[in-house]
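The block underneath contains the structure these notes are about, expressed in structure tokens.
Treat the numbers as computed from the prediction; the structure is a model and nothing was measured. In each ligand, atom 1 is the first atom listed, and ligand 1 is the first ligand listed.
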Amino acid sequence: DVGDPRHGDLAGRTVVVSAGGTREPIDPVRFIGNRSSGRQGAALAEAARARGADVTLVAANLDAAVCAAALAAGVVVVPVETTAELRDAVRAAAAASDVVVMAAAVADFRPTDVPDAKIKKVPGAGPDPIALVENPDVLAELAADRLRPGQLVVGFAAETGDADGSVLDHGRRKARRKGADLLAVNAVGAGRGFGAPTNAVTVLDGQGDVVAEASGTKRAVADAIWDAVAKTLPAI
Ligand code: CTP
Ligand code: CA
């Protein structure tokens, strides 16, 4: 029965996928965030479930409807807000996972000090600068730590390309820097990637060599990424 997830090519595997965008509080009512909708990550979670995996989705500020759809598909959903919460939830699930996919857009920096009370403006005095501190690199840590022996670690890279190189140039450098087994590179900005219904990714290995290319619906891209993962996983 191909409709039964127990017979899919990921049956017997446990995976964790992070999705969405982390938010870093500035004060009790404000945050620093990003435009990630979490739809590519949610599609990865649902696709893995449909292929038989036990799936945990660490959902950073995902739309309620996106979470509900993942739950209905049989995915365990762990909602988080900040990078610290996401890191704890991903690492807890990763300890029992064969594959970790970091599809979340993680805030690179967070405000250094978060006051308990709302920051008030002093009319005419102008804003105080917000001091920031760098967040831990959750993906690089997971790649270095390998919380379960033989675990496969997959990252994403959202790139625009700039004077220092194309989308793929930046992706290759990131693949070598992160230590992950696979890196799915996608072009973002101007209606591409974040928030869009479709996506296009190039999957690189840890050396930066292209192992797969996929475009189409986020679900189709998700299945192409799982195809690349399935090829790399050790046999059960
Ligand atoms: N990532 C992470 N922890 C961070 C920043 C990023 O785990 N603090 C992960 C993302 O989930 C993604 C990958 O690293 O899987 C690449 O994220 P990206 O923002 O493209 O790369 P950075 O290393 O943050 O570099 P930059 O933003 O400067 O391009
Ligand atoms: Ca970043």
Side-chain angles (χ1 to χ4, degrees), residues 15-25 31-45 48 56-62 78 80-94 97 99-112 132-147 151-189 192-195 199-206 208 218 221-222 225-226 228-229:
V15 309
V16 54
V17 179
S18 71
T22 59
R23 292 178 180 173
E24 302 297 348
F31 61 83
I32 295 173
N34 63 68
R35 295 187 190 280
S36 174
S37 70
R39 285 176 198 277
Q40 182 62 72
L44 277 157
T56 298
L57 176 64
V58 176
N61 307 295
L62 252 58
V78 182
V80 297
E81 181 175 356
T82 64
T83 301
E85 290 168 5
L86 178 138
R87 178 177 178 274
D88 288 350
V90 169
R91 291 179 69 86
S97 292
V99 185
V100 188
V101 182
M102 282 293 298
V106 180
D108 291 332
F109 305 99
R110 67 179 185 280
T112 310
L132 301 176
V133 61
E134 193 171 341
N135 272 326
D137 189 320
V138 181
L139 175 64
E141 285 180 350
L142 288 164
D145 295 351
R146 304 288 164 159
L147 294 173
Q151 179 176 79
L152 212 80
V153 176
V154 183
F156 267 76
E159 305 288 351
T160 59
D162 59 22
D164 290 329
S166 67
V167 167
L168 207 54
D169 294 334
H170 282 286
R172 279 200 194 89
R173 278 176 229 152
K174 197 166 282 179
R176 296 184 191 117
R177 190 168 75 235
K178 293 275 186 177
D181 300 290
L182 296 172
L183 189 76
V185 182
N186 69 320
V188 291
R192 296 184 301 181
F194 283 18
N199 205 1
V201 303
T202 302
V203 183
L204 306 179
D205 64 17
K218 290 190 173 181
V221 168
I225 291 170
W226 287 119
V229 168

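Leu168 CG to Thr202 OG1: the interatomic distance, rounded to the nearest 0.5 Å, is 5.5 Å. Distance CZ/Arg176 to CG/Leu204: 9.0 Å, rounded to 0.5 Å. One finds the OG1 atom of Thr22 at 10.5 Å from the CZ atom of Arg110 (value rounded to the nearest 0.5 Å).
When each of Val15, Val58, Val16 is tested with Val100 by the rule side chain to side chain contact (heavy atoms under 4.5 Å, CB included), just one qualifies, namely Val16. For the pairing with Asp137, the side-chain hydrogen bond (donor to acceptor under 3.5 Å, both in side chains) check across Lys178, Arg87, Arg177 returns one residue only, Lys178.
Contacts of Glu85 classified as side-chain hydrogen bond (donor to acceptor under 3.5 Å, both in side chains), with partners at least two apart in sequence or in another chain: none. Under the rule for a side-chain hydrogen bond (donor to acceptor under 3.5 Å, both in side chains), Asp205 has no partner lying at least two apart in sequence or in another chain.
Within 4.0 Å of ligand 1, heavy atoms belong to protein residues Met102, Ala104, Val106, Asp108, Pro136, Asp137, Val138, Leu139, Gly155, Phe156, Ala157, Ala158, Lys174, Arg177, Lys178.
Listed by chain and number, Asp108 OD1, Asp108 OD2 are the protein N/O/S atoms closer than 3.0 Å to the Ca ion (ligand 2), with waters left out.
Checking Asn135 against Glu24 by side-chain atom types alone, a donor-acceptor pair falls below 3.5 Å.
Proximity of a side-chain donor or acceptor of Ser18 to a complementary backbone N or O of Ala104 within less than 3.5 Å is detected.
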